[in-house]
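Report on the structure given below.
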Amino acid sequence: MILVTGGAGFIGSNFVIHAIKYGRHKIINLDKLTYAGNLETLRSISGHENYLFVHGDIGDEKLVSSLLEKHRPYAIINFAAESHVDRSIHGPRDFIQTNIVGTFNLLESVRGYYQSLDTHEKMQFRFLHVSTDEVYGTLEKNDPPFSESNPYEPNSPYAASKAASDHLVRAWHHTYGIPVLTTNCSNNYGPYQFPEKLIPLIIHNALNHKPLPIYGDGLQVRDWLYVEDHCEAIETVLLNGKIGETYNIGGNNEKTNLFVVETICQILDRLMPRQDQKSYAELITFVKDRLGHDRRYAINAKKISLELGWKPKETFETGIEKTIRWYLENSVWVNSILSGSYREWVAKQYGH
Ligand code: NAD
Ligand code: TYD
């Protein structure tokens, strides 16, 4: 039995769906169902005997403690977070509340639970905290990729809140002996990603003949990781990672944003040609840059590869084709999550 938090979001739902489908774990999914969480995503497993959904906040110590006492999981994977940099720039408060205060409360519930375990259960127990490469700050063009020993230099309110949560997790290990693992991964993409993040936003806008917004010059670099590769990495760290250690997870796919958007356009031109025969690339529009925009992220994933034998299976080329095909085949899912609040966000961020 694993307690997953934030399992109705993008990465958490991919993890939960695979874990249940392949019968690997029993899962309790605790999620607050913010704008980013959607039960529609979990419909295929909703009645499964190995799966239980609980609507709630990681910051609700009473609720979390009672869930731990009742279900006695051998592991907790903390995906729950506010996760969008642009939203953190418009309104950082929710990021401080969930990512820092929420993680603190969750750790306190875990501390109480861990103390109640017997020696054997204590040996088995793990708390895995899912974090981001953004805690390391930004890289220049020729800097080596981030390794686990890079200093923390977060630049956005989102990155700072995740950095703070990583420090809390570390301290709860050193001070209270909680057996923690932390993973810092690069930009994920794949099925079930909310269309506020670059890749699903571009696919969605292109299919609806809307402008494809590129911040600044579009030459910022991200290291793209296919979400199923990430989920496998998390499971690998959970089962074999060394307590107290952190593991960087990346896709070995450094691309500029402009390249990503142009690639999506080319694939859509082939899979879903426009009626007017023009390329989707015609819709590319350069817009005002993000405040404090980090120039480049890149991950050195040697540690997880050498110590735990994990490597990503997908290249950017294979992963992006799969992702686009998924969005083409799942327009019902996309439409089901595009509520009024999504439209409000788009108007706020991009004007009309
Ligand atoms: P997401 O925004 O898609 O989903 C977050 C989920 O957490 C949602 O279901 C939301 O309802 C839930 N949630 C938010 N606040 C909560 C609270 N207080 N209590 C319980 N549930 C709450 O995020 P994601 O992209 O799936 O990211 C998952 C984790 O991975 C996050 O911790 C994020 O920082 C990290 N991460 C994501 C990426 C990426 O590219 N998406 C990259 C690096 C790290
Ligand atoms: P995003 O998906 O928000 O992830 P992150 O900020 O965590 O890296 O953005 C990925 C990159 O794409 C980032 O450099 C910002 C850029 N971007 C755009 O150029 N246009 C957009 O509309 C969005 C959402 C992002």
Side-chain angles (χ1 to χ4, degrees), residues 4-16 29-39 41-42 54-60 63-64 77-89 94-95 97-99 101-103 105-106 129-135 138 155-156 158-159 161-162 165-166 183-190 192-202 205 211-225 227 230-231 234 249-251 255-258 260-261 284-290 293-297 299 337 345-346 349-350:
V4 164
T5 72
F10 165 46
I11 305 172
S13 65
N14 274 279
F15 183 90
V16 170
N29 179 6
L30 172 68
D31 197 296
K32 190 178 170 183
L33 296 180
T34 67
Y35 78 92
N38 204 294
L39 287 181
T41 308
L42 297 156
V54 178
H55 184 199
D57 193 318
I58 54 167
D60 183 342
L63 170 69
V64 176
I77 306 180
N78 185 29
F79 291 100
E82 290 292 335
S83 71
H84 188 34
V85 174
D86 292 317
R87 284 186 191 253
S88 84
I89 294 168
D94 286 348
F95 290 72
Q97 194 56 40
T98 281
N99 300 359
V101 181
T103 304
N105 286 340
L106 178 63
H129 180 62
V130 178
S131 191
T132 170
D133 59 359
E134 305 193 23
V135 297
T138 185
N155 289 323
S156 70
Y158 163 67
S161 68
K162 291 297 290 187
S165 70
D166 294 6
T183 56
N184 295 84
C185 70
S186 57
N187 288 61
N188 282 225
Y189 68 106
Y192 300 117
Q193 188 168 28
F194 193 71
E196 64 180 355
K197 304 279 170 71
L198 180 69
I199 288 180
L201 180 101
I202 295 297
N205 281 15
L212 311 181
I214 294 192
Y215 298 164
D217 63 7
L219 299 181
Q220 304 83 3
V221 172
R222 298 293 184 263
D223 172 4
W224 292 96
L225 172 66
V227 65
H230 183 200
C231 291
I234 287 174
I249 306 171
K255 308 287 176 206
T256 64
N257 294 336
L258 194 53
V260 168
V261 175
I284 289 177
T285 309
F286 289 87
V287 300
K288 198 164 133 280
D289 208 351
R290 172 187 280 173
H293 198 170
D294 283 340
R295 197 67 184 164
R296 175 176 164 237
Y297 303 142
I299 283 271
I337 62 159
W345 164 253
V346 169
Q349 174 69 1
Y350 302 98

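Position 1 is the first residue of the sequence; numbering continues from there. Start at 1 and go down the list; that is how both ligands and their atoms are numbered.
- Between Asn205 and Tyr350, the side chains place no donor N or O within less than 3.5 Å of an acceptor N or O (distance only, hydrogens not considered).
- Residue Gln349 places every heavy atom at 4.0 Å or more from ligand 2.
- For ligand 2, the polar-atom distance check finds no N/O of Gln220 at less than 3.5 Å from any of the ligand's N/O atoms.
- The shortest N or O to N or O distance between Asp86 and ligand 2 is not under 3.5 Å.
- Side-chain atoms of Ser131 do not come within 3.5 Å of backbone N or O of Thr183 as any donor-acceptor pair.
- For the pair Leu258 and Phe286, the minimum side-chain heavy-atom distance is below 4.5 Å.
- Proximity to Leu201 (heavy-atom distance under 4.0 Å) selects the following atoms of ligand 2: 22 (O).
- Closest to atom 4 (O) of ligand 2, if we only count protein heavy atoms, is Asn187 ND2, 3.2 Å.
- By the 4.5 Å heavy-atom criterion applied to side chains, Tyr158 and Glu82 are not counted as neighbours.
- Residues Val16 and Phe79 have side chains not in contact (no heavy-atom distance under 4.5 Å, counting atoms from C-beta outward).
- Taking only nitrogen or oxygen atoms, main chain and side chain alike, Glu196 does not reach within less than 3.5 Å of ligand 2.
- Checked by distance only, ligand 2 and Tyr350 come closer than 3.5 Å through their nitrogen or oxygen atoms.
- To the nearest 0.5 Å, atoms OG (Ser83) and CD (Glu134) are separated by 9.5 Å.
- Under a 4.0 Å criterion applied to the non-hydrogen atoms of His84, ligand 2 contributes the atoms 3 (O).
- Contact of the Leu106 side chain with the Val64 side chain is registered, since non-hydrogen atoms from C-beta on lie closer than 4.5 Å.
- Relative to atom 14 (O) of ligand 2, the option among Arg290, His293, Lys197 with the closest non-hydrogen atom is His293.
- With 3.5 Å as the limit, one finds no donor-acceptor pair spanning the side chains of His129 and Thr103.
- With respect to atom 16 (C) of ligand 2, the closest heavy atom belonging to the protein is Asn257 ND2, 3.4 Å.
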Need the list: ligand 1 N/O atoms against protein N/O atoms, distance under 3.5 Å, rounded to one decimal.
{"from": "ligand 1", "atom 1": "2 (O)", "to": "Ser83", "atom 2": "OG", "distance (Å)": "2.7"}
{"from": "ligand 1", "atom 1": "3 (O)", "to": "Phe10", "atom 2": "N", "distance (Å)": "3.0"}
{"from": "ligand 1", "atom 1": "9 (O)", "to": "Gly9", "atom 2": "N", "distance (Å)": "2.9"}
{"from": "ligand 1", "atom 1": "9 (O)", "to": "Asp31", "atom 2": "OD1", "distance (Å)": "3.2"}
{"from": "ligand 1", "atom 1": "9 (O)", "to": "Asp31", "atom 2": "OD2", "distance (Å)": "2.6"}
{"from": "ligand 1", "atom 1": "11 (O)", "to": "Asp31", "atom 2": "OD1", "distance (Å)": "2.6"}
{"from": "ligand 1", "atom 1": "11 (O)", "to": "Leu33", "atom 2": "N", "distance (Å)": "3.4"}
{"from": "ligand 1", "atom 1": "11 (O)", "to": "Thr34", "atom 2": "N", "distance (Å)": "3.0"}
{"from": "ligand 1", "atom 1": "11 (O)", "to": "Thr34", "atom 2": "OG1", "distance (Å)": "3.2"}
{"from": "ligand 1", "atom 1": "18 (N)", "to": "Asp57", "atom 2": "OD1", "distance (Å)": "3.0"}
{"from": "ligand 1", "atom 1": "18 (N)", "to": "Thr98", "atom 2": "OG1", "distance (Å)": "3.0"}
{"from": "ligand 1", "atom 1": "19 (N)", "to": "Ile58", "atom 2": "N", "distance (Å)": "3.0"}
{"from": "ligand 1", "atom 1": "21 (N)", "to": "Lys32", "atom 2": "N", "distance (Å)": "3.1"}
{"from": "ligand 1", "atom 1": "23 (O)", "to": "Ser83", "atom 2": "OG", "distance (Å)": "3.3"}
{"from": "ligand 1", "atom 1": "26 (O)", "to": "Phe10", "atom 2": "N", "distance (Å)": "3.2"}
{"from": "ligand 1", "atom 1": "26 (O)", "to": "Ile11", "atom 2": "N", "distance (Å)": "2.8"}
{"from": "ligand 1", "atom 1": "32 (O)", "to": "Phe79", "atom 2": "O", "distance (Å)": "3.0"}
{"from": "ligand 1", "atom 1": "32 (O)", "to": "Val130", "atom 2": "O", "distance (Å)": "3.4"}
{"from": "ligand 1", "atom 1": "32 (O)", "to": "Lys162", "atom 2": "NZ", "distance (Å)": "2.6"}
{"from": "ligand 1", "atom 1": "34 (O)", "to": "Tyr158", "atom 2": "OH", "distance (Å)": "2.7"}
{"from": "ligand 1", "atom 1": "34 (O)", "to": "Lys162", "atom 2": "NZ", "distance (Å)": "3.1"}
{"from": "ligand 1", "atom 1": "40 (O)", "to": "Asn188", "atom 2": "N", "distance (Å)": "2.8"}

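- Residue Pro213 has at least one nitrogen or oxygen atom sitting less than 3.5 Å from a nitrogen or oxygen atom of ligand 2, judged on distance alone.
- Side-chain contact between Gln193 and Val227 is absent, with no heavy atoms from C-beta onward closer than 4.5 Å.
- Between Trp224, Tyr215, Phe194, it is Tyr215 that holds the heavy atom closest to atom 17 (N) of ligand 2.
- With hydrogens left out, the protein atom closest to atom 7 (O) of ligand 2 is Glu134 OE2, 2.5 Å, a heavy atom.
- A search for salt bridge (charged side-chain N to carboxylate O under 4.0 Å, His left out) contacts involving Arg222 returns nothing, not counting sequence neighbours.
- Residue Ile214 approaches ligand 2 through these ligand atoms, each under 4.0 Å from one of its heavy atoms: 19 (O).
- In terms of modelled atom types and a separation under 3.5 Å, the side chain of Asn188 and the main chain of Ser186 share a donor-acceptor contact.
- When the heavy-atom distances from atom 10 (C) of ligand 2 to Leu198, Val261, Leu219, Asp133 are ranked, the shortest goes to Leu198.
- At a 3.5 angstrom cut-off on N or O pairs, Tyr297 does not count as close to ligand 2.
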Going through the distances and angles, do Arg295 and Asp217 end up as a salt bridge (charged side-chain N to carboxylate O under 4.0 Å, His left out)? CA-CA 11 Å; Arg295 197 67 184 164; Asp217 63 7; 2.8 Å; yes

